[in-house]
Asker: 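If you scroll down you'll find the structure; I have some questions about it.
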Amino acid sequence: MKSNTPKELVVVSGKGGTGKTSITASLASFFPKKVLVDGDVDAADLHLLFNLKNTKTEDYYGGSIAEIIQDKCTQCGICESLCRFDAIIFEENRYVVQEMSCEGCKVCVDHCPEKAFLWKPDLNGIWMESETLHGSLIHARLTPGSENSGKLVTHVKEIGKKRAIEQNTPLVIVDGPPGIGCPAIAALTGASGLLMVTEPTPSGLHDLIRILDLAAHFKLKSCVLLNKADINPKYEALIQAEIKKFDASFIGTLPYSKIFTEAQLKGQSIVEAYPDSKESIYLKEIAKRVTSFLGL
C-alpha cells in the first residue's frame, strides 16, 4: 500500500551566499506537484522569486514572557536577584521586566512569594501561506531580536507537510537557513534527503564539512551541488574528497552566471526568466538526479 506521506527535500548550505535560494526556486519548476517552504525565517527571501497571490497571515507565538503585576508586587527584589539574564530592573520606584532581555525561563514567576507575575504569550513573528504558480508557499518572518527561530522553522515545516498531505502532493521542498545552528537543525530534522549547495572557496569548503558532519550525526541522506564551480575549479576535487569521507553523493556542478542575479531582479527563478539558457538545462539535469536521489 502506497503511503501518502510526502517526501521532504531540504536545501541547505553551511554558509550564506552559495545560491541556495536561487537553486531552490529553480528546482521547483521541474516538479509538477509540490509544496514550498521557506525555512529561513530570520531572513526569508524565497518569496521574492515568485509572484505571490492570496497571502494569508497569522501571528506566531513561540514562547512566553513575564510581566509584573504592580499592585501585587511588594518590591522584595527576589525576582531581580534570581534573573540571570538581567531582564528585571528597578526603575522609577518599581521593578519591571525588560521584554527584549527576557528569555522566558519562568524562574521569576515560579519563585515570586506574592504571585505577582503574569505569564503571557510572546509574539515572535508571523507566518504566511501564499499561492504561487508552483503551488503553495509557506513562509514566515521572525520579529527582529526575537528568540525561538528554530520553533518557527519547525512550525512552517509542519504546515507545509500538512498542506502536502491535504493536496495529495508527493513532495515538500524546504529552503533551509544557512549555517549549522538551531534553525538549520530544525530545518533538516525529519528530512527525506538533504541537498547541500556549496561554492569553491575556502569558507565554502570549511562550512560544507560542518553541514556534512551535522547530517552524518543525524544519519540523514545527503547530496552535494557545487555552484559557481568554474570560479575555482581546483576546489571540486577537494570537495569531492570530503563528500566521500561522509558517504554523501556528489550530484553535479553549476557554472557561475550573472543571469542568476538578472533573474532575481525580475522576481523570477532562472528557469522562468531564461528557460532556454545553458544554466536552465543544467538545472533540469540536476532535478532529474534529485528525483532519483529521493526515490520519487
Side-chain angles (χ1 to χ4, degrees), residues 2-13 19-41 43-58 60 125-141 152-177 186-195 197 223 225 251 260 263-264 266-275 279-296:
K2 187 176 180 180
S3 172
N4 67 340
T5 302
K7 296 287 183 72
E8 185 178 281
L9 174 69
V10 182
V11 186
V12 294
S13 61
K20 172 178 57 62
T21 297
S22 293
I23 289 169
T24 301
S26 296
L27 289 178
S29 301
F30 299 110
F31 294 95
K33 293 185 69 177
K34 71 276 170 184
V35 170
L36 297 166
V37 174
D38 191 341
D40 191 2
V41 300
D45 57 1
L46 184 59
H47 63 281
L48 299 176
L49 301 180
F50 298 110
N51 182 20
L52 304 186
K53 296 180 180 179
N54 302 322
T55 297
K56 300 174 184 177
T57 302
E58 290 195 24
Y60 174 73
I126 59 173
W127 69 271
M128 296 157 279
E129 183 169 0
S130 303
E131 294 177 11
T132 77
L133 292 175
H134 299 285
S136 299
L137 170 64
I138 314 300
H139 48 129
R141 183 169 66 246
L152 183 50
V153 172
T154 299
H155 183 71
V156 294
K157 281 187 57 182
E158 288 174 347
I159 297 297
K161 184 176 180 179
K162 180 180 178 182
R163 292 293 180 268
I165 293 173
E166 291 171 351
Q167 299 168 14
N168 194 29
T169 298
L171 178 64
V172 178
I173 302 177
V174 181
D175 182 24
L188 60 81
T189 299
S192 306
L194 305 181
L195 172 59
V197 181
C223 64
L225 171 63
I251 207 165
F260 276 96
Q264 289 175 348
K266 294 181 178 182
Q268 295 178 313
S269 72
I270 191 172
V271 176
E272 292 173 317
Y274 304 100
E279 291 82 0
S280 293
I281 294 171
Y282 290 153
L283 283 162
K284 185 176 182 179
E285 180 59 32
I286 295 298
K288 290 179 181 178
R289 295 174 188 174
V290 169
T291 299
S292 176
F293 169 73
L294 290 174
L296 289 171

Asker: Hey, what do you get for CG (Asp45) to NE2 (His139), rounding to the nearest 0.5 Å?
Answerer: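 The CG atom of Asp45 sits 12.0 Å away from the NE2 atom of His139.
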Asker: Counting C-beta onward and ignoring hydrogens, is there a side-chain heavy-atom pair between Thr5 and Lys161 closer than 4.5 Å?
Answerer: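 Counting from C-beta outward, Thr5 and Lys161 do come under 4.5 Å.
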Asker: If you take all heavy atoms of Val153 and Gly39, which pair is closest and at what distance?
Answerer: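 Answer, listing the atom of Val153 first, then Gly39: CG2-O, 3.2 Å.
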Asker: Taking the side chain from Asp38 and the backbone from Leu46, do they hold a donor-acceptor pair closer than 3.5 Å?
Answerer: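 Here the side-chain-to-backbone pair exists.
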Asker: Quick one, Leu225 and Leu195 - any side-chain contact, counting heavy atoms below 4.5 Å?
Answerer: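 A side-chain contact under 4.5 Å exists here.
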Asker: Of all the heavy-atom pairs spanning Ala186 and Thr154, show the shortest one and how long it is.
Answerer: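 So the minimum-distance heavy-atom pair works out to CB-OG1, 3.6 Å.
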Asker: We want to know whether Glu272 and Ser29 form a side-chain donor-acceptor pair, criterion being a heavy-atom distance below 3.5 angstrom.
Answerer: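 Result is no, nothing qualifies.
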Asker: Return yes if some donor-acceptor pair links the side-chain N/O of Lys7 with the main-chain N/O of Gly193 below 3.5 Å, else return no.
Answerer: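 No, the answer is negative, given that no donor and acceptor are paired below the 3.5 Å cut-off.
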Asker: Does the side-chain contact (heavy atoms from CB on, under 4.5 Å) test come out yes or no for Ile159 and Glu58, once each step is laid out?
Answerer: CA-CA 12 Å; Ile159 297 297; Glu58 290 195 24; over 6 Å; no
Asker: Do the side chains of Glu8 and Lys157 get nearer than 4.5 Å, heavy atoms only?
Answerer: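 Yes. Closest side-chain heavy atoms under 4.5 Å.
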Asker: Assess whether salt bridge (Lys or Arg N to Asp or Glu O under 4.0 Å) is satisfied between Glu285 and Arg289, documenting all intermediate values.
Answerer: CA-CA 6 Å; Glu285 180 59 32; Arg289 295 174 188 174; 3.3 Å; yes
Asker: In terms of heavy-atom contacts, does NZ of Lys33 have more than 12 from other residues, nucleotides or ligands at under 6.0 Å?
Answerer: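 Enclosed.
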Asker: Could you please spell out the steps behind the side-chain contact (heavy atoms from CB on, under 4.5 Å) verdict for Leu49 and Gln264?
Answerer: CA-CA 6 Å; Leu49 301 180; Gln264 289 175 348; 3.9 Å; yes
Asker: Do Ile173 and Val37 make a side-chain contact, defined as non-hydrogen atoms from C-beta onward lying under 4.5 Å apart?
Answerer: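 The answer is no; the side chains never approach within 4.5 Å.
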Asker: How close do Phe260 and Ser22 get, counting heavy atoms only, and between which atoms?
Answerer: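 Nearest pair, atom of Phe260 first, then Ser22: CD2-CB, 3.8 Å.
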Asker: Where do Ala28 and Leu36 come nearest, in terms of heavy atoms and distance?
Answerer: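 Reported closest heavy-atom pair: CB-CD2, 3.8 Å.
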Asker: Got a donor-acceptor contact below 3.5 angstrom from the Asp40 side chain to the Asp175 backbone?
Answerer: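 Pair absent, no side-chain N/O of Asp40 close to backbone of Asp175.
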Asker: In a check of side chain to side chain contact (heavy atoms under 4.5 Å, CB included) between Thr291 and each of Ile286, Leu27, Leu296, Leu171, which one passes?
Answerer: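 The single option meeting the side chain to side chain contact (heavy atoms under 4.5 Å, CB included) with Thr291 is Leu296.
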Asker: Please work out which of the three classes, parallel, tilted or perpendicular, describes the rings of Phe50 and His134, given edges at 30° and 60°.
Answerer: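 If you compare the ring of His134 with that of Phe50, the planes turn out perpendicular.
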Asker: Ignoring hydrogens and geometry, is there a side-chain-to-backbone donor-acceptor pair from Ser26 to Ser269 under 3.5 Å?
Answerer: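 Pair absent, no side-chain N/O of Ser26 close to backbone of Ser269.
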Asker: For residues Gly19 and Val197, report the shortest heavy-atom separation together with the two atoms involved.
Answerer: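 What the structure gives for the nearest pair is C-CG1, 4.4 Å.
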Asker: Quick one: which residue pairs count as a ring-ring contact (aromatic ring centres under 6.0 Å, His included) with a foot in residues 20-41, not counting sequence neighbours?
Answerer: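 Qualifying pairs, neighbours excluded: none.
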Asker: Answer whether the closest heavy-atom distance between the side chains of His155 and Tyr60 falls below 4.5 Å.
Answerer: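 Counting from C-beta outward, His155 and Tyr60 do come under 4.5 Å.
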Asker: Does the Thr169 side chain pair with the main chain of Lys34, one donor and one acceptor, at a distance under 3.5 Å?
Answerer: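 The answer is no, because no donor-acceptor pair under 3.5 Å joins these two groups.
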Asker: Can you sort out the partners of Glu129 under side chain to side chain contact (heavy atoms under 4.5 Å, CB included), two or more places apart, ordered by chain and number?
Answerer: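 Glu129 satisfies side chain to side chain contact (heavy atoms under 4.5 Å, CB included) with Trp127, Ser136, Ile138, Arg163 once adjacent residues are dropped.
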Asker: Can you tell me how far apart CE (Met128) and OG1 (Thr55) are? Round to the nearest 0.5 Å.
Answerer: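 The CE atom of Met128 sits 8.0 Å away from the OG1 atom of Thr55.
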Asker: Could you pull out the closest heavy-atom pair between Lys20 and Gly176, with the gap in Å?
Answerer: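 The pair with the smallest heavy-atom distance is NZ-O, 2.6 Å.
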Asker: I'd like to check Leu133 versus Asn51 (side-chain heavy atoms, cut-off strictly below 4.5 Å). Are they in contact?
Answerer: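 Of all side-chain heavy-atom pairs linking Asn51 with Leu133, none is under 4.5 Å.
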Asker: Decide yes or no on side-chain contact (heavy atoms from CB on, under 4.5 Å) for Val174 and Val11, but give the supporting numbers first.
Answerer: CA-CA 6 Å; Val174 181; Val11 186; over 6 Å; no
Asker: I want to check something: taking the side chain as every heavy atom from C-beta on, are Pro6 and Ile165 in contact at a cut-off of under 4.5 Å?
Answerer: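 In short, these two side chains touch, coming nearer than 4.5 Å.
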